[in-house]
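Note that these values count all heavy atoms, side chains included, but never hydrogens, waters or copies made by symmetry. Proteins get letters first, then strands, A, B, ... in listed order; numbering begins at 1 in each.
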2 protein chains.
Amino acid sequence: MEGFGEHLREVRERRRAVDNSFSVRQLAARVGVEPSYLSKVERGQQPPPSEKTIAALASELDEDPDVLLALAGKVSGDLQSIIRRRPKLFADLIRQLKDMPDHAVLRLVREVRDGEW
Amino acid sequence: MEGFGEHLREVRERRRAVDNSFSVRQLAARVGVEPSYLSKVERGQQPPPSEKTIAALASELDEDPDVLLALAGKVSGDLQSIIRRRPKLFADLIRQLKDMPDHAVLRLVREVRDGEW
DNA sequence: GGTAGTGTGTAGTATATAGTACACGCATGG
DNA sequence: CCATGCGTGTACTATATACTACACACTACC
């Protein structure tokens, strides 16, 4: 599995190839952290940053925040609070979907979205 | 909303009414924490304990761990890791279910469980 | 009246989280 | 040659998390 830092570096470098403003320093400034910190995170010398910082990174890099959070070993706070409001309901559902293939879960997502029920 | 400590105290006292081994001291011993700590948690003087300790409490008190964790403002680690494995999929699904009524979500749970698809 | 068990107050601690501050050496362009 | 920007190394810090250790006062029993 690819780590958070590794992925971050790849994505940033890719952006940087066409836009110099994606240097460690400038990105760090926009995201609101020290360059050295971001550098260490990218090289896995520091654990992934907070949810807030990850969200800012996702926004700057045009990445999916949930995916980035997942790579960081986290689940976004808003998802957690949805679950916490009805813990039994969501716990059951999620555990039951644990081993379902992607396409099955995806079908469920679509069904709910399209209101077919 | 009822707090974690409040709920814990109520449940424990209820058990204690028919079984003296549910004193703060004895329960704390079985759960593996100091009595004074448990006491403070019950009175809200300390924030809720770790997931591990909450799980032990749930087991001793015969309570649903997910519900107890929810009252503590947490979501169980195993649910989180299920979500992290397929972040986009689960994030979409959960956010879409956010405002659905209980019975609708419940129907979904049953559908999945009974394999009607 | 001592012993066992109870709840709780005070003080302290170990570890993790989430970073900052600053300096260094390299490279590139004017 | 020097100013600008770059990535990174070292050292430090503030806050939160999750508790422990011990003592105290009270009650109940025999």
Side-chain angles (χ1 to χ4, degrees), chain A residues 3-58 60-61 65 68-77 80, chain B residues 3-58 60-61 65 68-77 80:
Chain A
F4 175 83
E6 222 175 326
H7 178 73
L8 186 56
R9 171 139 297 190
E10 273 172 33
V11 172
R12 188 184 54 76
E13 290 293 351
R14 214 177 304 139
R15 297 295 301 263
R16 203 202 175 173
V18 297
D19 183 345
N20 276 333
S21 84
F22 284 88
S23 68
V24 169
R25 275 169 185 271
Q26 293 192 44
L27 179 59
R30 291 203 296 277
V31 159
V33 296
E34 289 289 312
S36 65
Y37 176 60
L38 182 57
S39 169
K40 277 174 284 190
V41 168
E42 286 193 350
R43 287 169 297 129
Q45 277 192 16
Q46 287 273 334
S50 66
E51 178 172 350
K52 193 185 154 187
T53 298
I54 291 174
L57 284 168
E60 283 299 327
L61 294 168
L68 233 48
L69 281 167
L71 284 168
K74 313 196 184 207
V75 171
S76 96
Q80 294 197 39
Chain B
F4 175 83
E6 223 176 326
H7 178 73
L8 185 55
R9 171 138 296 188
E10 272 171 33
V11 171
R12 188 184 54 76
E13 291 293 351
R14 213 178 303 139
R15 296 296 300 263
R16 206 205 171 169
V18 297
D19 184 344
N20 276 333
S21 85
F22 283 88
S23 68
V24 169
R25 272 168 187 274
Q26 294 191 43
L27 179 59
R30 291 202 296 278
V31 159
V33 296
E34 288 289 312
S36 64
Y37 177 60
L38 183 56
S39 169
K40 277 173 285 190
V41 168
E42 284 193 352
R43 287 169 296 129
Q45 278 192 15
Q46 287 272 334
S50 66
E51 177 171 351
K52 192 185 157 188
T53 297
I54 291 174
L57 284 167
E60 284 299 326
L61 294 168
L68 233 48
L69 282 168
L71 283 169
K74 314 196 184 206
V75 170
S76 95
Q80 294 197 40

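Here the nucleotide nearest the side chain of B:P49, chosen from C:dA21, D:dC6, D:dC19, is D:dC19. Nearest nucleotide to the side chain of A:S23, out of C:dA18, D:dC6, D:dG9: D:dC6. The side chain of A:R9 lies closest to D:dG7 when the candidates are C:dT20, D:dT20, D:dG7. Nearest nucleotide to the side chain of A:S39, out of D:dT8, D:dA21, D:dG7: D:dT8.
Remark: A:R14 fails to qualify as a cation-pi partner of A:F22 under the 6.0 Å distance and 45° angle criteria applied to the six-membered ring. With B:F4 as the aromatic partner, B:R9 does not meet the cation-pi criteria of under 6.0 angstrom to the ring centre and within 45 degrees of the ring axis.
The minimum heavy-atom distance between B:Q80 and B:V75, with the atom names listed, is NE2-O, 2.8 Å.
A straight line from CD of B:E51 to P of C:dA16 spans 17 Å, rounded to a whole angstrom. When the C1' atom of D:dG7 is taken as reference, atom CD of A:E42 falls 10 Å away, rounded to whole Å. The nearest whole Å value for the distance from the CG atom in A:N20 to the C1' atom in C:dT28 is 12 Å. In this structure, the CD atom of A:E34 is 18 Å from the P atom of D:dA11, given to the nearest Å. Atom NZ of A:K40 is separated from atom P of D:dA11 by 11 Å (rounded to the nearest Å). Note: CD (A:Q26) to P (D:dT4) measures 15 Å, nearest angstrom.
In this structure, B:Q46 and B:R43 both approach DNA chain C, and ranking their closest nucleotides by distance from the 5' end singles out B:R43. Residue order along DNA chain C, read from the 5' end via each residue's closest nucleotide, puts B:R16 first among A:T53 and B:R16.
Checking the phosphate oxygens (OP1, OP2) of D:dG9, a side-chain nitrogen or oxygen of A:Q45 falls inside 4.0 Å. Phosphate proximity of C:dA4 to B:R25: absent, as no side-chain N or O sits under 4.0 Å from OP1 or OP2. Contact annotation: A:Y37 side-chain N/O to C:dT20 OP1/OP2 distance is not under 4.0 Å.
Contacts of B:K74 with the nucleic acid, taken as non-hydrogen atoms under 4.0 Å apart, involve only primed sugar atoms and P, OP1 or OP2. Using a 4.0 Å heavy-atom cutoff across all strands shown, A:P47 reaches no nucleic acid atom at all. At a threshold of 4.0 angstrom between heavy atoms, the contacts of A:S36 include nucleobase atoms, whether or not backbone atoms are also involved.
Between B:E51 and B:K74, none of the side-chain N atoms (NZ, or NE/NH1/NH2) sits under 4.0 Å from a carboxylate O, so this pair counts as no salt bridge.
Side-chain polar atoms of B:T53 and B:S50 form a donor-acceptor pair below 3.5 angstrom.
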